[in-house]
**Q** 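Structure incoming, see below.
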Amino acid sequence: MSVDRSYSPYEVIRAYHDRGMMKWGAFATGELTEAQNTFEKEKKEDKVIQTLPHHLVLHLLNQSFSNQVQIKVKYQSKDKLTEIYGFVSEFINNQVRIKSTDKIYLISIEQIVNIS
């Protein structure tokens, strides 16, 4: 759609061509980037896992050991959350030995965050 500007005595006004929605692209891109950043931040906050109570962790480990059921254990190692699958094979002091298909893990019970 074109606007008739033949009424103007100035050549610049008569030759002006509106870029339409192109002039709003920078604003739309900025808003989209801000929305994506907010979404990613909220997604990271959603990943906060509730730590199971100590007595429940012991109960689930004991059940897995007694019934030889495979479990998924999430535990805090250094600054990252590690997830392993395996069978509880032994309790040693305040640690548990978990056998996975490729490795044997010795994990402190206090480090365990979640079991499923």
Side-chain angles (χ1 to χ4, degrees):
M1 183 171 131
S2 175
V3 177
D4 181 25
R5 294 189 176 90
S6 60
Y7 61 86
S8 178
Y10 302 104
E11 177 64 29
V12 174
I13 292 175
R14 288 192 309 263
Y16 175 75
H17 176 69
D18 187 11
R19 298 183 310 162
M21 293 303 292
M22 286 178 51
K23 61 186 170 190
W24 301 105
F27 295 110
T29 304
E31 288 177 1
L32 178 62
T33 302
E34 184 178 340
Q36 286 176 330
N37 290 341
T38 303
F39 177 73
E40 288 297 322
K41 182 181 174 187
E42 289 173 359
K43 194 166 95 173
K44 286 179 184 175
E45 290 172 358
D46 288 344
K47 286 189 176 181
V48 174
I49 297 172
Q50 295 293 333
T51 305
L52 289 177
H54 186 68
H55 69 281
L56 190 55
V57 168
L58 288 173
H59 177 70
L60 292 172
L61 290 172
N62 192 24
Q63 288 293 319
S64 173
F65 178 71
S66 300
N67 300 322
Q68 281 303 297
V69 177
Q70 185 175 11
I71 56 174
K72 176 173 72 171
V73 177
K74 291 183 184 178
Y75 67 97
Q76 190 75 32
S77 65
K78 298 179 184 164
D79 289 338
K80 68 177 188 170
L81 199 61
T82 306
E83 185 176 284
I84 60 168
Y85 294 88
F87 296 91
V88 175
S89 64
E90 187 177 5
F91 290 95
I92 305 168
N93 295 332
N94 203 20
Q95 296 178 326
V96 62
R97 182 173 289 165
I98 298 177
K99 288 184 183 180
S100 84
T101 55
D102 60 339
K103 197 173 176 182
I104 297 175
Y105 297 89
L106 189 60
I107 304 168
S108 173
I109 295 175
E110 283 84 26
Q111 291 178 316
I112 296 175
V113 176
N114 199 349
I115 298 175
S116 54

**Q** Roughly how far, to the nearest 0.5 Å, is CD1 of I109 from OH of Y75?
**A**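 These two atoms lie 14.0 Å from each other.
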**Q** Got E110 and N94 here, is their nearest side-chain heavy-atom distance under 4.5 Å?
**A**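 Side chain of E110 against side chain of N94, heavy atoms only: contact under 4.5 Å found.
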**Q** Specify the closest pair of heavy atoms between R5 and I13, including all atoms of both residues, with the distance to one decimal.
**A**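 Heavy atoms of R5 and I13 come nearest at CD-O, 3.0 Å.
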**Q** Rounded to the nearest 0.5 Å, what's the gap from NZ on K78 to CD on Q111? Could you check?
**A**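 Separation between the atoms: 10.5 Å.
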**Q** So which heavy atom on K72 is nearest to which on Y85, and how close?
**A**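 Where K72 meets Y85 most closely, the heavy atoms are CD-OH, 3.2 Å.
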**Q** Taking the side chain as everything from C-beta on, heavy atoms only, tell me whether Q36 gets closer than 4.5 Å to E40.
**A**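 Q36 does not reach E40 side chain to side chain.
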**Q** Only one of N114, V113, L56 clears side chain to side chain contact (heavy atoms under 4.5 Å, CB included) with T51; which?
**A**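 One option only clears the test, and that one is V113.
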**Q** Verify the cluster assignment for L52 and V73: are they in a single hydrophobic cluster under the rule of side-chain heavy atoms below 4.5 Å apart?
**A**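 Yes, because L52 and V73 connect within a single hydrophobic cluster, where side-chain heavy atoms sit under 4.5 Å apart.
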**Q** When you group the ILVMFWY residues by side-chain heavy-atom contacts below 4.5 Å and let the links chain together, are F87 and I107 in the same group?
**A**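 No, it is not one cluster - the side chains of I107 and F87 are not joined through contacts under 4.5 Å.
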**Q** What's the spacing between K74 NZ and T82 OG1 if we round to 0.5 Å?
**A**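 The distance works out to 11.5 Å.
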**Q** With respect to I71, which candidate in L60, I84, V88 satisfies the side chain to side chain contact (heavy atoms under 4.5 Å, CB included) definition?
**A**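 Single side chain to side chain contact (heavy atoms under 4.5 Å, CB included) partner of I71 among L60, I84, V88: V88.
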**Q** For the residue pair R97 and I104, what are the closest heavy atoms and their distance?
**A**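 Taking R97 first and I104 second, the nearest heavy atoms are CG-CG2, 3.4 Å.
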**Q** Tell me whether R14 contacts the main-chain N or O of P9 through its side chain, where contact means a donor paired with an acceptor under 3.5 Å.
**A**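 A pair under 3.5 Å: yes.
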**Q** How about K41 and F39: do any of their side-chain heavy atoms sit closer than 4.5 Å?
**A**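 Heavy-atom side-chain distance check fails, nothing below 4.5 Å.
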**Q** Atom CD of residue position E34 - does it have more than 12 heavy atoms of other residues, nucleotides or ligands inside 6.0 Å?
**A**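 Atom CD in E34 is not packed in, count stays at 12 or less.
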**Q** Looking at every heavy atom in both V69 and S64, which two are closest together, and how far apart are they?
**A**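 The answer is O-OG, 2.7 Å.
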**Q** Locate the shortest heavy-atom distance separating F91 from V96; write the atom from each residue and the value.
**A**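 Closest approach of F91 to V96, heavy atoms only: CE2-CG2, 4.0 Å.
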**Q** Does a sphere of radius 6.0 Å around CG in D102 hold more than 12 heavy atoms from other residues, nucleotides or ligands, not counting ones at 6.0 Å or beyond?
**A**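 Counting other residues, nucleotides and ligands, CG of D102 exceeds 12 neighbours.
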**Q** Determine whether I112 and L61 make a side-chain contact, defined as any pair of heavy atoms from C-beta on separated by less than 4.5 Å.
**A**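 A side-chain contact under 4.5 Å exists here.
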